[in-house]
Amino acid sequence: MKPLAYRVRPTEFDDIVGQDHLVGAKGVIRKMVEKGQIFSMILYGPAGCGKTSIAEVIARHFELNTFSFNASCDTKAKLKEIVDTAKLYPNTILIIDEIHRMKKDIQDFLLPSVESGVLTIVGLTTENPYRSINPAVRSRTHIYRLNEITKDDIVFLLKKVIQKEHLPSVSDDILDYISIVSSCEVRSSLNMLEIATMLEPSEMTLENVKKLIGKKSFAIDEEGESYYDIASAMIKSIRGSDPDAALHYLARLLQSEDIEFIGRRLLCLAYEDVGLANPHIGPRIYAAVQSALSLGLPEARLPLAYAVVDLATSPKSNSTYLGIDAALEDLKNLTSMQIPPHILNKELKSGKYQYLYPHDYQNGYVRQQYLPDELKDKVYYQPKTTGAYERAIKEYLEKLKSSS
């Protein structure tokens, strides 16, 4: 019998979890398919979130010639064969896995076929395409970000699969456990479910499932405390400047052996909660996280502990986090805001408006409007005084304001 993960591979958009913004009832990709239109696109997001499944469902709906190309191991010769075939059968779909690894000469060879419509590409990558993919490729594609799959998504999927495949009943605590130890990866969770359902109904207990799956168990106590609750407790302890509590929760998280997840949370916290109160902490935490990934466990605990204590004992400021969220909120309500003409190069050249070059003035500053008229008096960044660096920023801005 074929593996469960293979048997339940999505054949329709409704089978894909966690990506409603793209393939749900109002999702942009679903709308595209319903209208019989297809455009080249790049799908990016973490492993196991559904990129390949979405690409295959798109190809199935259009019933066009479809080819696959893996940029990490396939050659330019293979791509040439695909392009030559596509010229005979227009509107061919090419699914490119790990597109961020595509070499420049292969990209250059591919571009004319994409631009002319001979090929429609669906690129798949775990990397941010704005950093990892050639601008020439990006400019010819629509870029869509996939969400991380959540615990609730996994539990929902597992229940649906159990019903569809007529599998033995599985309790909620076991499904919760599978969602956590699978790191919310769809394929891993399905593999674990398949193993768990090998047990006889009378043996289907959480303890037996833990032994059968063979994954290291971490704290899920009688009250249902989850991995994400522990992660939240660590973040709140760091934010509250309690290094002892933060180390305690880090130790519990380390039982999951998910270094990447822990590292992402610490990096986010460095910029959200410490920010300009300690402006050098971001690069330090990044270096610690990279060291942890390189070392692997058990040694990874050392740079991660360093990062946790560094963050917990640092002064805190969320001023930049509040500032960018306020700016983004304004964009929801205001549209068509014009950049002031005096700071646009095209107006400068015409001589119609005068841009005041700050370096021509005392202290390198001259007061002029930079924000659009609709927001000209808006203040997004309000410095805090918890750290010496940001106190200096506050004093500097106040000095500029009083001198104008």
Please tabulate, for side-chain N and O atoms in residues 153-169, each donor-acceptor pair with protein atoms closer than 3.5 Å (sequence neighbours left out).
from: Asp153; atom 1: OD2; to: Thr150; atom 2: N; distance (Å): 3.0
from: Asp153; atom 1: OD2; to: Thr150; atom 2: OG1; distance (Å): 3.0
from: Lys159; atom 1: NZ; to: Asp172; atom 2: OD1; distance (Å): 3.4
from: Lys160; atom 1: NZ; to: Asp14; atom 2: O; distance (Å): 3.1
from: Glu165; atom 1: OE1; to: Arg7; atom 2: NE; distance (Å): 3.2
from: Glu165; atom 1: OE1; to: Arg7; atom 2: NH2; distance (Å): 3.4

Quiz: residues 34-54 side-chain donor-acceptor pairs under 3.5 angstrom, not counting sequence neighbours:
from: Ser40; atom 1: OG; to: Ile121; atom 2: N; distance (Å): 3.1
from: Lys51; atom 1: NZ; to: Gly45; atom 2: O; distance (Å): 3.0
from: Lys51; atom 1: NZ; to: Pro46; atom 2: O; distance (Å): 2.9

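Comment: Glu148 engages Arg264 in a salt bridge, judged by a side-chain N to carboxylate O separation of less than 4.0 angstrom. The pair Glu390-Lys384 does not count as a salt bridge, with every side-chain nitrogen at least 4.0 angstrom from each carboxylate oxygen. A salt bridge is defined here as a Lys NZ or Arg NE, NH1 or NH2 lying under 4.0 Å from an Asp or Glu carboxylate O, and Arg9 with Glu56 meets this definition. A salt bridge links Glu98 with Arg101; the closest basic N to acidic carboxylate O contact falls under 4.0 Å. Between Glu207 and Lys210, at least one side-chain nitrogen of the basic residue sits less than 4.0 Å from a carboxylate oxygen of the acidic one, meeting the salt-bridge criterion. With respect to Arg239 and Asp273, a salt bridge is recorded, a charged nitrogen being found less than 4.0 Å from a carboxylate O. In summary, Lys394 and Glu398 engage in a salt bridge, as defined by a charged side-chain N under 4.0 Å from a carboxylate O.
Ser68 has its side chain out of reach of Asp97: every pair of non-hydrogen atoms, C-beta onward, lies at least 4.5 Å apart. Residues His280 and Tyr389 form no side-chain contact, since every pair of their non-hydrogen atoms from C-beta on lies 4.5 Å or further apart.
Residues passing the side-chain hydrogen bond (donor to acceptor under 3.5 Å, both in side chains) test with Asn147 are His21, sequence neighbours excluded.
Remark: the backbone N or O of Glu127 is paired with a side-chain donor or acceptor of Thr125 at under 3.5 angstrom. Between the His342 side chain and the Gln369 main chain, a donor and an acceptor come within less than 3.5 Å of each other. When atom types are taken as modelled, the side chain of Arg252 and the backbone of His248 share no donor-acceptor pair closer than 3.5 angstrom. In this structure, Ser314 contributes its side chain and Asp310 its backbone to no donor-acceptor pair below 3.5 Å. Panel note: side chain Asn208, backbone Met204; no donor-acceptor pair is recorded below 3.5 Å.
Residue Lys76 places its NZ atom among more than 12 non-hydrogen atoms of other residues, nucleotides or ligands, all under 6.0 Å distant. Atom CZ of Arg187 is surrounded by 12 or fewer heavy atoms from other residues, nucleotides or ligands within 6.0 Å. Few gaps surround CZ on Phe261; more than 12 heavy atoms of other groups in view lie less than 6.0 Å from it. Counting non-hydrogen atoms of other residues, nucleotides and ligands closer than 6.0 Å to OH of Tyr370 gives a total above 12. Remark: Leu302 CG is packed, more than 12 non-hydrogen atoms of other residues, nucleotides or ligands lying under 6.0 Å away.
When all heavy atoms of Thr320 and Tyr271 are compared, the pair lying nearest together is OG1-O, 3.8 Å.
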